[in-house]
K.L.:
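My questions all concern the structure below.
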Amino acid sequence: MELMENLSEKSNQPFASRYEPKLAEKKWYQYWLEHKFFTPDLSSKKPRYCIVIPPPNITGVLHMGHALNSTLQDIIIRFKKLQGYETLWLPGTDHASIATHNQIEKRLAQQGKTRFDIGREAFLKLAWEWKEKHEQIILDQLKSIGVACDWSRTRFTMDAQLSKAVREAFVRYYEKGLIYKDYYIVNWCPRCHTAISDLEVKYKETPSKLWFIKYPLNADGKSYIVVATTRPETMLGDSAVAVNPLDERYQDLIGKTAILPLVGRELPIIAEDVVDMKFGTGAVKVTPAHDPVDFEIGKKHNLAFIKVIDEDAKITTNAPEKYQGLTTQQAREAVVKDLQNQGLLEKIEDYTHRVGTCVRCETTVEPMVSLQWFLKTQGLAKPAIEKVIDKTIKFYPERWTKVYLDWMANLKDWCISRQLWWGHRIPAFYCDGCQEIIVSREDINECVKCHSKNIRQDEDVLDTWFSSALWPFSTLGWPDETEDLKQFYPTNLLSTDPDIIFLWVARMIMSGLEFMNAVPFYQVYIHSTVLAETGERMSRSKGIGVDPVVLIEKYGADGLRFTLAYLETESQSYRFWEKKVELGRNFANKIWNAARLIAGLNQQNKIENSTTADQSGLIIDNWLLIKYNQTIEVVTNALDRFAFSVAAQHLYTFFWHELCDWYLEICKIRQKNNDLSFQPILNEVFQGCLVLLHPFMPFLTEELWHRFNYLPESIMQAQWPQPIAINYQPSAITNFETMRELIVGIRNVRAEMRIDINKKVPCLINTSNRELLNFLLNPDIQMLIYELAKVSEIKTTQTRPAQSSVIVLKDLEAYVPLTGLIDFNKEYQRIVNEIEDIDQELRRINHLLTDNNFLSKAKPQVIERERERREKLQDKLNRLKLALETLK
RNA sequence: GGGCGAUUAGCUCAGUUGGUCAGAGCGCAUGCCUCACAUGCAUGAGGUCACCUGUUCAAAUCAGGUAUCGCCCACCA
């Protein structure tokens with residue numbers, strides 16, 4: 001394709017018959033940036049509207065989730081700007097502590113190294129290099145979608161200002177006594193070598209075994225208590241056996257002791273009501289150091305916490321020597337074998353249970369006692385719950401409100417420390433002199449208490465989500481009192497996907513209320529999850545799904561955007577594949593070509609003193625304007641409640657099937673008849689459509705806006721359309737609708753009877769509705785029917801002529817006489833042939849359905865299908881026979 | 001175990017508060033390269049809106065229940 005086009009020129013370009021997204025996209029994005037349309041004017045009097053982007057990880061490249069979410073946010077921000085708000089969409093990226101670690105460690109692994117081989121400093125250097133490189137990639141990909149982000153305010157969670165915010169927040173929490181350090185059972189990922197939060201653990205159904213182990217009750221080895229476990233290796237760390245206090249089987253054992261096999265430790269048998277009598281034997285081994293439930297039991301009963309698994313998931317020196325250093329898997333095998341040899345394994349049952357795995361690397365996590373930093377959340381949760389209950393913050397779709405509230409009601413303290421290097425290092429300092437812990441806004445070299453120089457900072461960093469939780473205000477300048485903060489906080493909308501409601505949304509609400517004393521946003525939109533064609537989650541590593549960057553390349557950003565919005569309903573998910581983008585691409589092309597036609601219709605200047613003295617033109621125009629007004633209302637209302645699909649579908653239908661299919665077709669005819677009175681209306685509606693479409697298809701609409709030299713200079717400066725005041729005549733509109741149905745009916749007859757495309761047909765109408773009759777006999781209306789349905793003349797009649805097809809409408813019957821139009825003999829023969837074909841098929845089916853062999857062997861559904869088919873064919877046969885009668 | 005969704009044409013899905021809602025796109029069939037567009041135009045075939053029972057003058061739309069699928073949460077060793 002050769003389009004010799006100068007990209008820097010805005011007008012006088014060839015108006016090719018196909019919309020070429022590539023020619024528009026770069027050009028207009030550049031143009032918007034140059035004109036600073038994405039940067040708010042802080043001195044304007046307009047109301048403010050602000051969105052902060054959910055910062056993509058610097059590890060990632062754009063995926064469909066980003067494409068969807070960015071599209072939706074961009075639709076809203078552009079919609080609000082057109083509605084007259086001073087808008088800010090603030091972009092940025094997240095350092096993604098653990099995810100980035102994984103990426104860099106993967107690279108190191110290729111060189112046979114771990115992060116511990118190169119040390120903290122070198123590792124951080126690599127991480128910053130990674131950031132420099134990958135941040136730009138993802139931001140550029142976002143730009144290719146067309147996002148109206150203010151890039152002058154781009155933030156990164158580890159920027160100096162944001163790091164200052166993190167530190168401020170930590171210190172304030174600490175000073176309020178909300179941050180503490182304690183031993184707790186955490187999920188430990190042996191691969192990432194850090195604690196991870198409950199939310200970062202995914203459970204997988206795994207077929208396994210349930211081992212029933214005999215714990216001898218005394219040294220003679222004669223009597224036992226049998227416990228069932230899915231993790232026999234952890235028995236090395238057992239410090240009790242627990243039974244339900246109501247369990248009659250074990251009443252006499254409570255308070256006694258059992259002997260731990262292989263180890264020889266004496267274990268108290270305790271009563272504990274969390275023990276389920278119905279599970280296993282009703283007796284459970286208690287391993288406080290390696291199981292969350294057992295941990296609680298251990299604390300309650302003051303049991304020993306015996307750590308037998310270390311940070312690398314290997315058996316520690318707390319276990320008998322022969323197991324030390326084994327992996328958990330090896331230890332399991334060894335323990336089971338030894339128990340078997342000693343006759344202490346009662347039985348093994350198959351059992352499927354859920355194994356916790358690291359959400360990042362899929363390694364099996366080990367519950368493990370360790371010393372971590374925690375944030376007390378109860379006090380923080382209370383106002384965060386209230387603000388949602390009192391609807392200061394609203395979730396869309398509304399059902400997510402309950403999900404949020406249920407979670408918040410059962411909130412546990414948040415483990416905020418991670419044994420990682422990339423991230424915000426915990427601002428706690430340990431003094432080796434006086435053993436004090438000093439938490440400080442500034443780095444310190446000397447103990448404030450004892451002035452010892454022997455101080456060292458905590459090695460850990462904060463959970464990535466700690467900084468994310470501050471994002472809505474840290475990006476606007478907090479803790480400083482900035483103008484941005486004053487003008488744009490609270491922000492208006494947060495749009496995100498369902499899986500980070502707890503990880504992120506809840507925590508932003510809590511910290512927003514804590515530090516800003518105001519909610520971080522008023523509306524939370526939770527969008528659908530984009531699934532692959534198979535219904536599975538898209539996954540690059542599994543090769544399932546599509547790449548939005550490729551789709552933009554092939555179909556254009558506008559086409560992709562429109563399609564995504566068109567599919568975005570309140571569903572929890574939708575399936576998506578490449579073919580679907582054709583919908584948007586084709587629509588973009590349709591708009592483009594409609595524009596070409598309109599440009600042509602405009603070229604001829606309006607003739608003075610239009611010949612349309614009657615109202616026919618007005619009615620058609622009225623019809624269009626009514627539909628247009630409805631469209632404005634529906635789209636505005638839909639976008640206000642984030643019903644993206646409703647808005648997109650309505651625009652699609654109005655533009656394509658009403659404006660193009662009918663109004664433009666009629667305009668062509670009017671133009672031929674020197675009636676150019678449609679021009680101002682067409683122009684106004686088309687211009688309005690461009691604005692309505694702009695949030696969905698920014699590039700195409702900007703391109704056309706310039707080609708039509710509309711004002712103001714950019715469509716981004718335009719105003720959202722308002723319904724046009726019209727002289728509404730309901731009866732005229734129904735008459736017009738009847739006319740449309742009549743035209744469709746005549747076309748239908750033509751197609752059914754295979755009337756030559758160039759042959760005109762007469763049409764006889766029969767109606768008692770005088771007004772309708774007058775309308776249809778109006779010369780201008782007749783002209784439309786002549787042209788659009790290829791009709792030669794319209795006459796009235798009271799009776800149906802022989803050999804004619806009939807069209808039945810609400811207030812009207814119309815007849816199309818077929819004499820002379822079709823070759824009756826030929827048509828007769830065609831129908832006869834068709835009847836013969838059907839007869840033959842019917843015979844086949846009848847034969848089949850009387851064949852006992854078939855009836856006994858075929859699937860019932862197949863037989864049923866054949867029966868249904870027979871019925872349908874019979875129907876068709878009858879109809880054809882009737883048609884044959886008409887032709888006689 | 002709890003919560004939340006889904007079940008509508010061959011496929012993917014729309015269907016705000018119950019009464020022109022039985023729809024769209026794709027696919028299919030037929031005819032058209034008609035001077036905006038074949039990424040197009042015209043016409044058509046295809047569905048007891050999962051199932052049962054209620055409420056109502058009226059239900060795809062509301063209530064109760066059943067079945068299947070999906071998502072989320074939860075300490076069943």
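Note that the coordinates shown come from a computational prediction; the quantities given were computed from them, not determined experimentally. Below, read A as the first sequence line, B as the second, and so on, with proteins coming before strands; counting in each chain starts at 1.
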K.L.:
Centroid-to-centroid, Y566(A) to F644(A), below 6.0 Å?
P.N.:
no
K.L.:
Counting only non-hydrogen atoms, which of residues 783-791 of chain A are less than 4.0 Å from RNA chain B?
P.N.:
none
K.L.:
Check every atom of rC13(B), rG25(B), rA14(B) against the side chain of R575(A) and return the nucleotide holding the closest atom.
P.N.:
rC13(B)
K.L.:
Considering only residues two or more places apart or on different chains, which pairs with a residue in residues 232-245 of chain A satisfy salt bridge (charged side-chain N to carboxylate O under 4.0 Å, His left out)?
P.N.:
R231(A)-E233(A), E233(A)-R332(A), D238(A)-K285(A)
K.L.:
Please set out all donor-acceptor pairs under 3.5 angstrom arising from side-chain atoms of residues 499-507 of chain A, sequence neighbours excluded.
P.N.:
| residue | atom | partner | partner atom | Å |
| --- | --- | --- | --- | --- |
| D499(A) | OD1 | R537(A) | NH2 | 3.0 |
| W504(A) | NE1 | S468(A) | O | 2.9 |
| R507(A) | NH1 | L503(A) | O | 3.2 |

K.L.:
Using a cut-off of 4.0 Å on non-hydrogen atoms, how would the nucleic acid contact of R641(A) be classed: base, sugar-phosphate, or nothing?
P.N.:
base
K.L.:
Would you indicate, yes or no, if rC41(B) has its OP1 or OP2 atom less than 4.0 angstrom from a side-chain nitrogen or oxygen of W656(A)?
P.N.:
yes
K.L.:
For RNA chain B, please output the secondary structure as dot-bracket, reading 5' to 3'. Pairs are Watson-Crick or G-U wobble, both atom distances under 3.5 Å; mark crossing pairs with [ ], other-strand partners with |, unpaired with a dot.
P.N.:
(((((((..((((.........)))).(((((.......))))).....(((((.......))))))))))))....
K.L.:
Using the side-chain hydrogen bond (donor to acceptor under 3.5 Å, both in side chains) criterion, which residues pair with K347(A)? Sequence neighbours excluded.
P.N.:
E349(A)
K.L.:
What nucleic acid atoms does N748(A) come within less than 4.0 Å of, heavy atoms only: base, sugar-phosphate, or nothing?
P.N.:
sugar-phosphate
K.L.:
Which of the following nucleotides, rA74(B), rG27(B), rA42(B), is nearest to the side chain of R354(A)?
P.N.:
rA74(B)
K.L.:
R747(A): what forms a salt bridge (Lys or Arg N to Asp or Glu O under 4.0 Å) with it, not counting sequence neighbours?
P.N.:
none
K.L.:
Is the phosphate of rC37(B) approached by R18(A) (side-chain N or O, under 4.0 Å from OP1 or OP2)?
P.N.:
no
